[in-house]
Number of protein chains: 2
Amino acid sequence: MQLHKRDVVDAATALLDDYGIADLSMRRLARELAVTPGALYWHFANKQQLLGAVADRILEPVHGERGGWRARIVGICGQLRDALLSHTDAAELVSASFAAGQSEVMDDVLTQLGAAAAEAGVTAANAELAARSVVYYVLGFTADEQSRMQWDAAGADVAATVWNQNPSARFAFGLNLLVDGIAAHSRADA
Amino acid sequence: MQLHKRDVVDAATALLDDYGIADLSMRRLARELAVTPGALYWHFANKQQLLGAVADRILEPVHGERGGWRARIVGICGQLRDALLSHTDAAELVSASFAAGQSEVMDDVLTQLGAAAAEAGVTAANAELAARSVVYYVLGFTADEQSRMQWDAAGADVAATVWNQNPSARFAFGLNLLVDGIAAHSRADA
DNA sequence: ACCTGAACACCGTTCAAGT
DNA sequence: ACCTGAACACCGTTCAAGT
């Protein structure tokens, strides 16, 4: 039967979850789908575009949140982190897709964070910057967290003491640094 | 004549500057040095370790700064950004080496940022986190900035308006968000 | 100690040709 | 429209064997 984009992205996500990003190759994916590598290039222009589609699949559960600007920022960042932690190497994959401009969902996230920053009182020109800073933090923190998880899932409990205690609290602390910074740069605080 | 680690790292850096990270392969590097690929594996355990050495070569100009905690954070981050902007794809390369734990200089940077945060009044447990947040920001921002520079050096002046004006000021704004956040989380402000 | 030769097990991408 | 076959131009890594 015919190969659809959705099937390709689903198989790619399964490959990611089971073997990690290093084994997510076009050839391996084609083998899994029982097609020739060239077949994938009928549906996707290149690997980067396919990975972008996988990124957006992973980020499907990320939606906006209601409430004040603080709650909206903290909420969407929490959803983002949760989605990333649900798939092997997802933080790395989404970081790459975001940098390459291949993730529509990340663009949405950026827009929402920017709106929240604007509501906090940051000028329009700086609101996008504030939003980007938050995204850099979430992706950096989560990629770090995830690589450590995989490291000591592989049996190495070296100096894990500091990192293993309350990763969510640690995540919140760094995020609050930015939120407080945004609040400091504004007049109307909610 | 004999191949030394320094020669290998120098050649790798030249390759990076001239052709970018995508063309920095073990085989290409060996060809440039007029040796067999296997020769490189006498000097370096693997590619990751070699890239870590290149990262630390790029970061050589990054040293500490004197002054209050704010000046020390802003200073070292500025040096970091300057070093990264001096070599093609350096932000991407250093990010990867940092994530892989292969850059000693980045560990030093982390230590110095942590000390500055502690001096700002952040608790010892949170100081390292604050330091990491700053590093995530600098690497994220600069990787973004650098990829855009290369994009529109290649002739695409699409919506460059917002990004091209005062990248240094934009960098400072986001960094200040974090610095202000750190100040908000402390008692003694310098 | 340091390097070569040669192999192993892969990659992403293209494109004429088939159905 | 959708896919195969086959090629092109590569990868990182290992390791016996040479000097």
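By convention in this document, chain letters (A, B, ...) are assigned in the order of the sequence lines, proteins followed by strands, and residues within each chain are numbered from 1. None of these values were measured; they are calculated from a predicted model.
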Among [options], find the nucleotide with the atom closest to the side chain of [X].
{"X": "Lys47(A)", "options": "dT13(D), dT4(D), dT13(C)", "answer": "dT13(C)"}
{"X": "Trp42(B)", "options": "dC3(C), dT4(D), dC2(D)", "answer": "dC3(C)"}
{"X": "Leu3(B)", "options": "dT13(D), dC3(C), dG12(C)", "answer": "dC3(C)"}
{"X": "Val35(B)", "options": "dT4(C), dC2(D), dG12(C)", "answer": "dT4(C)"}
{"X": "Arg27(A)", "options": "dA7(D), dC3(D), dT4(C)", "answer": "dA7(D)"}
{"X": "Arg28(B)", "options": "dC11(D), dC3(C), dG12(D)", "answer": "dC11(D)"}

Q) Please walk me through it: do Gln150(A) and Asp89(A) pass side chain to side chain donor-acceptor pair (under 3.5 Å)? A) CA-CA 9 Å; Gln150(A) 284 158 196; Asp89(A) 296 330; 2.9 Å; yes

Exercise. Check whether any side-chain nitrogen or oxygen of His43(A) sits under 4.0 Å from OP1 or OP2 of dA1(D), and answer yes or no.
Key: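 No, because none of the side-chain N or O atoms of His43(A) sits under 4.0 Å from OP1 or OP2 of dA1(D).
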
Exercise for the section: For nucleotides dA9(D) and dA9(C), find the distance between their P atoms and express it as a whole number of Å. Expected result: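 Their P atoms lie roughly 24 Å apart.
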
Pairing of Arg170(B) and Glu145(B) as salt bridge, 4.0 angstrom limit =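 No, Arg170(B) and Glu145(B) are not salt-bridged.
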
Run the salt-bridge test on Arg6(B) and Asp10(B) with the 4.0 Å N-O cut-off and return the result as yes or no.
->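 No, Arg6(B) and Asp10(B) are not salt-bridged.
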
query: Nearest 0.5 Å, what's the OH-CG distance between Tyr41(B) and Leu50(B)?
result: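 Between Tyr41(B) OH and Leu50(B) CG, I get 8.5 Å after rounding to 0.5 Å.
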
I'd like to know if the side chain of Asn46(A) reaches the main chain of Gln49(A), judged simply by a donor and an acceptor atom lying under 3.5 Å from each other, with no hydrogens or angles considered.
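Here the side-chain-to-backbone pair exists.
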
Item to complete: Kindly indicate, with the supporting measurements, whether the criterion side chain to side chain donor-acceptor pair (under 3.5 Å) is fulfilled by His185(B) and Asp180(A).
Response: CA-CA 9 Å; His185(B) 273 254; Asp180(A) 289 344; 2.9 Å; yes

query = Between Arg31(A) and His4(B), who's closer to the 5' end of DNA chain C by nearest nucleotide?
reply =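 Result of the comparison: His4(B).
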
Reading DNA chain C from 5' onward, which residue's closest nucleotide shows up sooner: Asp23(A) or Gly38(A)?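 Its nearest nucleotide lies further toward 5', so the answer is Asp23(A).
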
*Arg132(B) to Phe141(A), cation-pi by 6.0 Å centre distance and 45° axis angle*: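 No - Arg132(B) does not lie over the ring of Phe141(A) by the 6.0 Å and 45° rule.
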
Select base, sugar-phosphate, or nothing to describe what Ser25(A) touches, counting heavy atoms under 4.0 Å on all strands.
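Ser25(A): backbone/sugar contact only, no base atoms under 4.0 Å.
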
### Query
Between Leu29(A) (CG) and dC11(C) (C1'), how many Å, whole number?
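Roughly 14 Å, once rounded to whole Å.
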
Taking Watson-Crick and G-U wobble contacts under 3.5 angstrom, with | marking pairs to another strand and [ ] crossing pairs, the secondary structure of DNA chain D is written ||.|||||...|||||.||

